[in-house]
Number of protein chains: 2
Amino acid sequence: MHVINIDFNSDEAIYVQLINQIILGIATSKIQEGDYLPSVRELAEYIGINMHTVNKAYSILKQEGYVKLDRRRGAIIAIDIDKMRAIEDMKEDLRVTIAKAICKNISCDEAIKVVREIYNEFERG
Amino acid sequence: MHVINIDFNSDEAIYVQLINQIILGIATSKIQEGDYLPSVRELAEYIGINMHTVNKAYSILKQEGYVKLDRRRGAIIAIDIDKMRAIEDMKEDLRVTIAKAICKNISCDEAIKVVREIYNEFERG
DNA sequence: GGGCTGTTATATAATATATATAACAAATAT
DNA sequence: ATATTTGTTATATATATTATATAACAGCCC
């Protein structure tokens, strides 16, 4: 986890930044299935934030099926793949994003091009 | 604006829900370029919320280039198309969404399929 | 002038976020 | 056995964000 970089001036809550960066870390294979995350106390100290902020992030990651929490060893990356649900969640995320795109005259093909670009970035990551 | 439907139990702030619903309204052509939005006072009363909450939403919509605010007549839908910027914004939005998708084993083709579906939903709106 | 606009200012309440301590049960390691 | 480390839970508090409540202002129109 040399990956975490919190922007304290961001308008995004710290726990949200943590969640997103861990998910980005998994997507780019910097963290892999089976890897252990630092304990809530360790990571909190490392970043310089409170234990509960990390705990909140870990709990949500657990609830959304990205990690499992082991009482004796900490948080381990374990993806729960409920693909139907994941696709529905993605669709929900995409609605507003695409609505904005349509307002700004971005065509379907242009949007797809960007999706491809990002997939490529991640997969070679 | 028979379109606005605020969920007071949502974890999303009211002003964010307002912004998103107006953008969705534009994308689905329920509201069109040149249409006037209700005045901040009108819409606030109609929904049953405070004037400033609506004003906050309108101000952000203005700043992001979806409306222009006319002192004598109110808010008018006027899209400012800075396409380069819009594409960058979209890319930023998509990063986390696609990172989640990759974690959940959703392929690029599957993601693109969803993008197409949403474009179709909007364009036949 | 009276009635609309958005805009700005101020004060306050309610909620969300972040921190500070502390304690607990379970699993190790020494 | 004892000490340590894990996530978990609880409580209290501080800070920031969000939402509300009033009020006033300038510009425009009838």
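Model, not experiment: these values are computed from the prediction. A note on names: the letters A, B, ... follow the listed sequences, proteins ahead of strands, and every chain is numbered from 1.
- You'll find a donor-acceptor pair under 3.5 Å spanning the side chain of Arg41(B) and the base of dT7(C), going by distance alone.
- Regarding Tyr58(A), its OH atom lies at a distance of 10 Å from the P atom of dT6(D), rounded to whole Å.
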Just do the salt bridge (Lys or Arg N to Asp or Glu O under 4.0 Å) check on Asp109(B) and Lys113(B) with the steps written out, would you?
CA-CA 6 Å; Asp109(B) 286 346; Lys113(B) 191 182 158 208; over 6 Å; no
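- Rounded to an integer number of Å, the gap from Lys56(A) NZ to dT19(C) C1' is 12 Å.
- Evaluation of atom-type donor-acceptor distances gives a pair under 3.5 Å for the side chain of His52(B) against the base of dT8(C).
- In this structure, the CE atom of Met51(A) is 13 Å from the C1' atom of dT11(D), given to the nearest Å.
- Connection of Leu94(B) to Val96(B) is not established within any shared hydrophobic cluster, with ILVMFWY side chains joined at heavy-atom distances below 4.5 Å, either directly or through further cluster members.
- Comparing dT19(C), dT22(D), dA22(C) against the side chain of Thr53(A) picks out dT19(C) as the nearest.
- The side chain of Ser39(A) places an N or O atom within less than 4.0 Å of a non-bridging phosphate oxygen (OP1 or OP2) of dT6(D).
- Protein atom CD1 of Ile49(B) is 8 Å distant from nucleotide atom P of dA19(D), rounded to whole Å.
- To the nearest angstrom, C1' of dA16(C) lies 12 Å from CD1 of Ile60(A).
- To the nearest 0.5 Å, atom CG of residue Leu61(A) and atom CD1 of residue Ile79(A) are 9.0 Å apart.
- Taking atom CG of Asn50(B) as the reference point, atom C1' of dT18(D) lies 11 Å away to the nearest angstrom.
- Rounded to whole Å, atom C1' of dT5(C) lies 11 Å from atom CG of Asn55(B).
- Both the sub-6.0 Å distance and the 45° axial angle are satisfied by Lys104(A) relative to the ring of Tyr66(B).
- Annotation: proximity of residues 6-19 of chain A to DNA chain C (heavy atom, distance under 4.0 Å) is found for Ala13(A), Ile14(A), Tyr15(A), numbered in ascending order.
- Lys62(A) comes within 4.0 angstrom of sugar-phosphate atoms only, judged by non-hydrogen atoms across all strands, and of no base.
- Using a 4.5 Å heavy-atom threshold, the side chains of Ile19(B) and Tyr58(B) count as separate.
- For the atom pair CG of Asp35(B) and NZ of Lys30(B), the computed distance is 13.5 Å after rounding to the nearest 0.5 Å.
- Here the nucleotide nearest the side chain of Glu42(B), chosen from dT5(C), dT7(C), dT8(D), is dT5(C).
- Tracing side-chain contacts under 4.5 Å through hydrophobic residues (I, L, V, M, F, W, Y), one never reaches Ile118(B) starting from Met84(A); they form parts of separate clusters.
- In this structure, CD of Glu45(B) is placed 17 Å from C1' of dA19(D), rounded to the nearest angstrom.
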